[in-house]
Structure formats: C-alpha cells, structure tokens
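Report on the following structure.
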There are 2 protein chains.
Amino acid sequence: MTARQQDVLDAALRLLVEEGDALTMTAVARRASCSKETLYKWFGDRDGLLTATVRWQASKVRVEPVDRARLNLASLTASLEQFASNWLTVISSETSIALNRVAVSHAGSGKDDLGAIVLENGRFEMGRRLKPVLEAGRDAGLLVFDDTEETFRIFFGLVARDVQIRLLLGDRLKLTAAAIARDSAQATQQFLALHGAQNRPANNGH
Amino acid sequence: MTARQQDVLDAALRLLVEEGDALTMTAVARRASCSKETLYKWFGDRDGLLTATVRWQASKVRVEPVDRARLNLASLTASLEQFASNWLTVISSETSIALNRVAVSHAGSGKDDLGAIVLENGRFEMGRRLKPVLEAGRDAGLLVFDDTEETFRIFFGLVARDVQIRLLLGDRLKLTAAAIARDSAQATQQFLALHGAQNRPANNGH
DNA sequence: CTTGAACCGTACCGTACGTTACGGTTCGGC
DNA sequence: GCCGAACCGTAACGTACGGTACGGTTCAAG
C-alpha cells in the first residue's frame with residue numbers, strides 16, 4: 001500500500017461521503033487524478049475499490065487502550081464515559097454514516113463482505129476494546145456481572161440507543177459536543193446503576 | 001388502492017426481501033404477472049413503486065393499543081415486555097431488514113424520502129405507541145422520569161442494543177422466540193431498575 | 001355484438017456505468 | 001541519452017436496466 005494508493009483511497013472516501021454508493025469509477029479516477037486503468041490494476045474491480053476504501057478508513061482509526069492499573073470508581077467512570085463519548089462521536093460522523101450506509105446496502109446482495117468488515121471494525125472492535133475495562137472493573141470489585149459480552153451489549157444499548165439507526169435513515173440529528181458529553185455521562189451512570197457493585201450487588205435482571 | 005395493486009406491491013415486497021435494492025422493474029412485473037406499462041402507470045417510476053411498497057408494508061403492521069385502565073406494576077411490566085417482544089420480533093424479520101436496508105441506501109442520495117418513511121413508521125411510531133404507557137405508569141406512581149421522549153429512548157436502547165445494526169450489516173443473529181422473551185424481560189427489568197418508583201425515586205442519572 | 005378502457009406481454013430505445021484498450025507522458029535505472 | 005515500467009487521460013465497448021411503444025386480450029357496459 002503505497003502513499004499514492006492511500007491518496008486514491010482518501011479521494012474515494014471523500015467521494016463516498018458525498019455521493020454514497022452512487023459513486024462511479026470515473027468520478028474516483030477524476031477526483032484522485034489517476035486513470036481508471038490504474039484503479040482496476042490496483043483494486044481489481046469496483047467492489048475491490050470499495051473494500052479497500054473501507055479497510056483503509058478502518059486502519060486509520062486508532063485509539064489508545066485503557067490502562068487497568070490503579071482502577072477505582074472514578075477512573076472506571078472516566079474510562080466508560082470516554083469510551084461512550086468516542087463511540088458517539090464516531091457513529092455520528094459523516095464518514096461513519098456513509099460507510100455504514102454502503103455496507104448495509106451491500107450486505108443485502110452478498111457480492112462482497114463490506115458488511116462483515118464494517119461489523120468487525122465497528123461493533124465487534126468496540127467490544128474487544130471495552131471488555132478488558134469491564135473485566136478489570138469486576139476484578140477490582142467495582143462491577144458485578146456474569147457474561148462480559150452481554151454486559152457490553154447493555155452498555156452499548158445505553159450509549160447508542162436510537163442514534164445510529166436514525167442517522168442511517170437520514171434523520172437530522174445534531175449531536176453537539178455538549179450533548180455527547182451529557183449522554184455519555186448519563187449512559188455511564190445508568191450502566192453503573194445496573195452493574196455497579198455498590199448499588200445492587202445481586203439484581204441484574206437475569 | 002385496489003386489491004390488484006396490493007397484490008403487485010406484495011410481489012414487490014417479496015422480491016425486495018429476496019433481491020434487495022437490486023430488484024428490477026422487469027422482475028417485479030414478471031413476479032406480479034403484470035406489465036411494466038401498468039407499473040409505470042400506477043406508480044410513476046421506480047422510486048414511486050418502492051415508496052408505495054414501503055407504505056403498503058407499513059400499513060399492514062397494526063398493533064392493538066395498550067389500555068391505561070387498572071395499571072399496576074404487573075400489568076405495566078407485562079405491557080413493556082410485550083412491547084419489547086413485538087419490537088424485537090419486527091426488527092429481526094426478513095421484511096423489516098430488507099426494508100430498512102433499502103431505506104438506508106436511499107437515505108444516502110436523497111432522491112426520495114424512503115428513509116423518512118421508514119423512520120416515521122418504525123422508530124417514531126414506536127415512540128408514539130409506548131409513550132402513553134410510560135406516562136400512565138408515571139401517573140400511577142409506578143415510574144419516575146421527567147422527559148418522556150428521553151425515557152423512551154432509554155427503553156429503546158435497552159431493548160434493541162446492537163441487534164438492528166448487526167442484522168442490517170448482515171450478521172447471522174438468530175433471535176429465537178425464547179431469546180426474545182428472555183431479552184424483553186431483562187430489558188424491562190433493567191428499565192424498571194432505572195425508572196421504577198420503588199427502586200430509586202430520584203436518581204435517574206440526569 | 002360492438003366498443004372502449006384496462007391490462008398483459010414483449011420488443012424496443014436511450015443512457016449510464018463498469019470495464020477494457022490505447023496512445024502519450026513521466027521517471028528511475030543503466 | 002535510451003529503455004521499459006508505471007501511470008495518465010480519454011475514447012471505446014458491452015451490458016443492464018429504466019422507461020416507452022404497441023399489438024393482442026379480457027371484460028364490462030350498452
């Protein structure tokens with residue numbers, strides 16, 4: 001993956017945000033100032049280009065892991081809030097919306113695995129990233145739960161609620177930084193109310 | 001809307017589930033045993049057909065309203081669980097997945113308002129349907145909350161979690177009747193833990 | 001029986017776009 | 001300076017599909 005190829009994928013990405021799945025190979029070539037022949041040489045066909053574009057965007061998203069050391073209620077709360085805030089910021093971005101839209105479209109007629117790629121780098125990656133935090137919280141006696149996966153899904157629901165589906169369906173939902181901060185804090189408090197150790201040690205609704 | 005037209009839309013609906021947004025007018029005409037000329041006469045163009053199909057499906061979904069009389073904790077819990085169960089059943093159906101997929105696709109390039117229609121008959125209709133139950137619960141002293149809309153969104157998040165986005169992205173997620181019943185009961189208990197009057201009268205995370 | 005409206009089936013048209021081909025240009029290696 | 005590889009720009013090809021036209025059929029009204 002040369003720098004030039006990355007430039008081309010960046011152009012494709014911008015075009016994907018602007019045009020959605022209606023982007024044409026001609027438009028990508030023009031935007032990237034490259035020839036269509038090169039596009040086909042590098043990426044095989046249109047699906048290959050889209051797949052490479054999605055992977056390229058995924059590779060750009062890098063988040064620092066959360067440290068497990070010196071975990072107390074305050075630091076756990078901060079980690080959860082930060083995680084929620086990051087997640088809400090990502091899913092409400094134009095790029096994420098465009099990528100999820102095209103992935104959802106393609107998941108219908110299974111020509112490629114765009115849906116699986118987005119799922120793997122989105123929802124599932126988030127799970128892998130937060131689970132250590134949850135389990136560290138449990139090890140520190142701050143959280144009470146049995147199944148890490150199920151517990152993550154609860155946190156996921158409290159954070160995302162109806163945001164993603166509404167954005168994907170075109171709802172004009174303005175998520176300001178203040179709203180994200182407030183919602184993240186609220187979701188974290190609700191999560192702690194359900195799974196925090198000090199509140200209800202053995203009543204999780206199971 | 002004659003019966004014949006409804007038959008045509010049913011054919012289009014089945015084809016939409018099978019083929020997704022890749023369905024062609026020719027395929028619809030063949031499946032419905034009608035001529036393309038009739039399709040264009042009745043529905044104007046392809047977008048008109050899709051819009052009519054989505055509206056037709058929406059018009060078929062009818063749910064009995066919940067009665068507000070004799071509300072106690074048991075009946076409120078039952079109402080919430082039933083609502084959650086219905087909702088999960090709907091969004092995990094092949095029809096809903098296909099319709100949401102095409103609506104998400106079209107929401108990208110705003111040729112029509114499929115996204116708005118699905119949003120209006122899905123997420124927003126659910127809100128209008130459950131809000132009376134929530135407010136009746138509050139009037140009966142069973143629930144504690146300020147903003148009905150925000151409270152509905154919390155319940156929505158607890159119920160749906162990551163289900164819809166995973167299904168839309170093609171994840172093979174098997175929602176058995178037993179799983180739906182269990183998840184609905186769990187979400188309801190979690191919601192009551194957050195907003196039930198008997199548990200924590202003034203700590204909703206606001 | 002006649003008539004005309006509605007509709008079916010199919011052939012046809014125009015276009016957009018994916019894909020390929022090709023001549024011209026740049027540029028690093030020798 | 002010469003060569004070949006890589007690449008640019010553009011033209012061209014093939015096809016799929018949205019949309020239209022038209023002849024044939026059904027059927028109800030009178």
Side-chain angles (χ1 to χ4, degrees), chain A residues 1-56 98 101-103 105-114, chain B residues 1-56 98 101-103 105-114:
Chain A
M1 177 67 61
T2 69
R4 176 70 179 129
Q5 286 171 327
Q6 295 177 357
D7 290 342
V8 171
L9 292 183
D10 276 327
L13 196 56
R14 264 178 290 131
L15 220 41
L16 208 56
V17 172
E18 297 173 17
E19 309 279 349
D21 205 2
L23 73 72
T24 66
M25 299 298 280
T26 303
V28 173
R30 184 157 42 218
R31 177 69 67 97
S33 293
C34 74
S35 72
K36 291 209 280 182
E37 188 179 28
T38 302
L39 289 184
Y40 284 98
K41 180 177 182 178
W42 284 348
F43 307 109
D45 55 9
R46 189 175 186 274
D47 282 346
L49 174 65
L50 290 179
T51 301
T53 303
V54 172
R55 287 194 200 278
W56 167 236
R101 281 206 181 119
V102 61
S105 312
H106 285 231
S109 58
K111 340 181 270 185
D112 49 28
D113 44 359
L114 244 48
Chain B
M1 177 66 63
T2 69
R4 175 70 177 130
Q5 286 172 328
Q6 294 178 358
D7 289 342
V8 170
L9 292 183
D10 277 327
L13 197 55
R14 265 178 290 130
L15 220 41
L16 207 57
V17 172
E18 297 173 16
E19 309 278 348
D21 205 2
L23 74 72
T24 66
M25 300 296 281
T26 303
V28 173
R30 185 158 40 220
R31 176 70 66 96
S33 294
C34 75
S35 72
K36 288 211 288 180
E37 189 178 25
T38 302
L39 289 184
Y40 284 99
K41 179 177 182 178
W42 284 349
F43 307 109
D45 56 8
R46 188 175 186 274
D47 283 345
L49 174 66
L50 290 179
T51 301
T53 303
V54 171
R55 288 194 199 277
W56 167 235
R101 281 206 180 118
V102 60
S105 312
H106 285 230
S109 58
K111 340 181 271 187
D112 50 28
D113 44 358
L114 243 48

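Proteins get letters first, then strands, A, B, ... in listed order; numbering begins at 1 in each.
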Interatomic distance where CG belongs to A:Leu39 and P belongs to C:dT20 [whole Å]: 12 Å
Pairing of B:Arg31 and B:Glu18 as salt bridge, 4.0 angstrom limit: yes
Touch class at under 4.0 angstrom, heavy-atom based, for A:Leu49 against every strand present: nothing
Nucleotide nearest A:Thr38 (side chain, heavy atoms from C-beta), chosen from C:dT19, D:dG18, D:dC8: D:dC8
hbond_proxy B:Glu37 side chain to C:dC8 base (donor-acceptor, 3.5 Å cutoff): yes
A:Leu9 side chain near A:Leu49 side chain, heavy-atom distance below 4.5 Å: yes
Verdict with reasoning, B:Met25 to B:Tyr40, per side chain to side chain contact (heavy atoms under 4.5 Å, CB included): CA-CA 9 Å; B:Met25 300 296 281; B:Tyr40 284 99; 3.5 Å; yes
Distance in angstrom units between A:Tyr40 OH and C:dC17 P, rounded: 12 Å
A:Lys41 NZ - D:dC7 C1' separation (whole Å): 8 Å
Distance test, side-chain N/O of B:Trp42 to OP1/OP2 of C:dC7, below 4.0 Å: yes
Distance, rounded to the nearest Å, where B:Arg4 contributes CZ and D:dT26 contributes C1': 13 Å
Rounded interatomic separation in angstrom, taking CE from A:Met25 and P from D:dG9: 15 Å
4.5 Å side-chain heavy-atom contact, B:Lys36 and B:Thr26: yes
Rounded distance in Å - NZ (A:Lys36) to P (D:dC8): 14 Å
Spacing between A:Asp45 atom CG and C:dT19 atom P, to the nearest angstrom: 5 Å
Gap between atoms CG and P, on A:Asp47 and C:dC17 respectively (whole Å): 16 Å
Among D:dC8, C:dT19, D:dG18, the one nearest A:Ser35 by side-chain distance: D:dC8
